[in-house]
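First listed ligand is number 1; within each ligand, the first listed atom is number 1. Note that the numbering runs from 1 along the sequence shown for the chain.
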Amino acid sequence: MNSNVSAMQAVLAKIEEYDKIVIFRHRLPDGDAIGSTKGLREILRLSFPEKEIYLNNCDSSDYLEFLGDEDEPLSDEFYANALGIVLDTATAKRISNPRYELCKEVVKIDHHIPIESYGATDWVEEERSSTCEMIVQFYAAFRDRLKINREAATYLYTGMVTDSGRFRYREVSGDTLRLAAILLDQGIDADRIYAHLYMKDFASLKLQAWALSNIKFTENGVAYLHITKTIQEKFDLTFETASTAISFMDAIKDSLIWLAFIDNADGSIRVRLRSRFVTVSEIAEAYGGGGHACAAGATVGSPKEMRQLLADADKRLGDYKANNEGWL
Ligand code: AMP
């Protein structure tokens, strides 16, 4: 794959220009958001020991706590003299830490469908399977100036495997595997990473048992689950565990689109959209969200809006089935 070399050079030039760097990501972080930020921090700390480089975000993930903590909050003054690097985030409103705006300059590095350019320097490659893949590509392109170690490789590998569906999704290329090989060569314990990713707490298994008999289907076969506040309380679920409901519907024949609606504490509803073959990112975008063609997210304000989104997804799947053959 041809990487955008001039964009990578521009990012490196910015990094070299600043003594202080703060790294950010999106809220409700997944493996790619956490892996890419921690991986980049480690690469930069190793490569530029004289610089002050921190991760400052406002939320965390229980599921990924095995990757360790982030840094203590920094002063406004620190931000004012720092380069901000925002990873894995298509829109400014999804950035976990709104203080990113205090940074002297902002660089955006992302693999989502571009919605908004919030950085003075943007490096976006939407065909990459993860932002972690981009960070490994960045290291590989500037091996003469950058260093990597086992710790950085562990973070980056975690993000690569989670965002690519364990190297299953169509964005996975020969490059993806060549870049993953660089990480394995650092001697990471991939078996241990997978153990962390697959071991579940019992509450989540009970949710799965409930979910399998409560999945609903629209006329054209969109599968969906609504994890209401009541269900969250009944199974004693954290919001993060409730959100895993999306994964229970990913292999139902005929249901090429599947959706999970998770009630937020403030009355709004988080929507997670997934699909095979059919594009769902446009549906998410129509409701102020975004993501990738087959994995996207949004937030809707009410059950009425939720039903509208469901009807849109149903129509999209109906149109797809009417105009395509050969899907499973
Ligand atoms: P999720 O279901 O939250 O894992 O999201 C699937 C993909 O869509 C991820 O790549 C997210 O970064 C992206 N995404 C989720 N929610 C939003 C949103 N509200 N706006 C833009 N992108 C989103």
Completion exercise
Sorted by chain and residue number, the side-chain contact (heavy atoms from CB on, under 4.5 Å) partners of Leu46 (sequence neighbours excluded) come out as Glu42, Lys147, Asn149
Practice task
For ligand 1, list the protein residues that place a heavy atom within a distance below 4.0 Å of one of its atoms, sorted by chain and number.
Solution key: Arg94, His112, Arg270, Arg272, Arg274, Gly289, Gly290, Gly291, His292, Ala295, Ala296, Gly297, Ala298
Practice task
Measure from NZ or CZ of Arg128 to the centre of the six-membered ring of Phe138, then state whether that distance is under 6.0 Å and the direction lies within 45° of the axis.
Solution key: no
Exercise for the section: Could you check whether the rings of Tyr79 and Phe24 sit parallel, tilted or perpendicular, using 30° and 60° as the cut-offs? Expected result: tilted
Handout entry: Phe277 and Tyr320 aromatic ring geometry - parallel, tilted or perpendicular at 30°/60° bounds
Key = parallel
Problem - Within 45° cone and under 6.0 Å: Lys38 NZ/CZ vs Tyr155 ring - result: yes
Problem - Geometric class of the Phe261/Tyr224 ring pair [parallel <30°, tilted 30-60°, perpendicular >60°] - result: perpendicular
